[in-house]
Engineer: 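Can you read through this structure? Questions will come right after.
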Amino acid sequence: MKSSVLTRYRVMAYVTAVMLLILCACMVAKYGFHTGEDLTFAVSQTHGVLYIVYLVFAFDLGSKARWPFGKLLWVLVSGTIPFAAFFVERRIHQETLPLVNGAQPVPAKV
């Protein structure tokens with residue numbers, strides 16, 4: 001597996017996680033303090049587009065690493081939970097790095 005596949009995933013995981021935290025702050029400002037409605041709309045639209053890119057890159061990495069469906073689903077959903085993407089990204093990086101360095105992927109158990 002090429003290192004660019006892992007790098008793309010890592011970048012998008014961080015970008016998506018940061019945008020989600022910004023979106024949460026905007027939602028607090030919008031509903032808690034009744035301000036920033038336009039900013040919240042712009043941030044939510046940006047996060048949505050970036051999340052779609054994250055899904056594509058995470059699915060690409062998962063298919064090349066031959067992850068089981070449950071693991072792939074958890075990685076895909078982690079972009080919607082604040083702070084989860086940071087922890088999931090770190091774990092996925094540690095697990096996938098040997099594949100980038102030349103190890104063969106282990107087939108998933110059924």
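When a residue number appears, it is its place in the shown sequence, counting from 1.
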Engineer: Kindly indicate whether the side chain of T96, heavy atoms from C-beta on, has any atom under 4.5 Å from the side chain of W67.
Structural biologist: yes

Engineer: Only pairs at least two apart or in different chains count here, so list each salt bridge (charged side-chain N to carboxylate O under 4.0 Å, His left out) that has a residue in residues 16-27.
Structural biologist: none

Engineer: What is the minimum heavy-atom distance between H34 and Y31, and which atoms define it?
Structural biologist: CE1-O, 3.8 Å

Engineer: Taking the side chain as everything from C-beta on, heavy atoms only, tell me whether L55 gets closer than 4.5 Å to F59.
Structural biologist: no

Engineer: List, by chain and then residue number, the residues other than F33 in its hydrophobic cluster (Ile/Leu/Val/Met/Phe/Trp/Tyr, side-chain heavy atoms under 4.5 Å); write none if there are no others.
Structural biologist: V28

Engineer: Please identify each residue that fulfils side-chain contact (heavy atoms from CB on, under 4.5 Å) with T7, with sequence neighbours left out.
Structural biologist: V11

Engineer: Once ring pair (Phe, Tyr, Trp, His ring centres under 6.0 Å) is applied, what residue pairs with a partner in residues 68-102 remain, sequence neighbours excluded?
Structural biologist: Y14-F86

Engineer: Is the backbone of V77 close enough, under 3.5 Å, to the side chain of T80 for a donor and an acceptor to pair up by distance?
Structural biologist: yes

Engineer: Throw together a table of side-chain donor-acceptor distances under 3.5 angstrom for residues 37-45, partners on residues two or more places apart or in other chains.
Structural biologist:
from : atom 1 : to  : atom 2 : distance (Å)
T40  : OG1    : C26 : O      : 3.2
T40  : OG1    : G36 : O      : 2.8
S44  : OG     : T40 : O      : 3.2
S44  : OG     : F41 : O      : 2.8

Engineer: I'd like to check the salt bridge (Lys or Arg N to Asp or Glu O under 4.0 Å) partners of R91; sequence neighbours left out, ordered by chain and number.
Structural biologist: E95

Engineer: What distance do T16 atom OG1 and L21 atom CG have between them, rounded to the nearest 0.5 Å?
Structural biologist: 11.0 Å

Engineer: Could you give all pairs that pass the side chain to side chain donor-acceptor pair (under 3.5 Å) test and reach residues 17-26, with sequence neighbours left out?
Structural biologist: none

Engineer: Identify, with sequence neighbours excluded, every residue that meets side-chain contact (heavy atoms from CB on, under 4.5 Å) alongside L50.
Structural biologist: M12, V15, M19, T46

Engineer: Taking only residues at least two apart or on different chains, which pairs with a member in residues 6-15 satisfy salt bridge (charged side-chain N to carboxylate O under 4.0 Å, His left out)?
Structural biologist: R8-D60, R10-E89

Engineer: Measure the spacing between CG of L61 and CD1 of I92 and express it to the nearest 0.5 Å.
Structural biologist: 7.0 Å

Engineer: When rounded to the nearest 0.5 angstrom, what distance separates NE2 in H47 from CD1 in I52?
Structural biologist: 10.0 Å

Engineer: Taking only residues two or more places apart in sequence or in another chain, which ones pass ring pair (Phe, Tyr, Trp, His ring centres under 6.0 Å) with Y9?
Structural biologist: Y54

Engineer: What are the two closest non-hydrogen atoms of P82 and C24, and how far apart are they?
Structural biologist: CG-SG, 3.7 Å

Engineer: Heavy atoms only: give me the nearest V75-A58 pair and the separation to one decimal.
Structural biologist: CG1-CB, 4.0 Å

Engineer: Do you know the tightest heavy-atom contact between A84 and S78?
Structural biologist: CB-O, 3.9 Å

Engineer: Is there a side-chain contact between K2 and V100, using heavy atoms and a 4.5 Å cut-off?
Structural biologist: no

Engineer: My understanding is that a hydrophobic cluster links ILVMFWY residues whose side chain heavy atoms are under 4.5 Å apart, including indirect links. Using that, what else belongs to the cluster containing V49?
Structural biologist: none

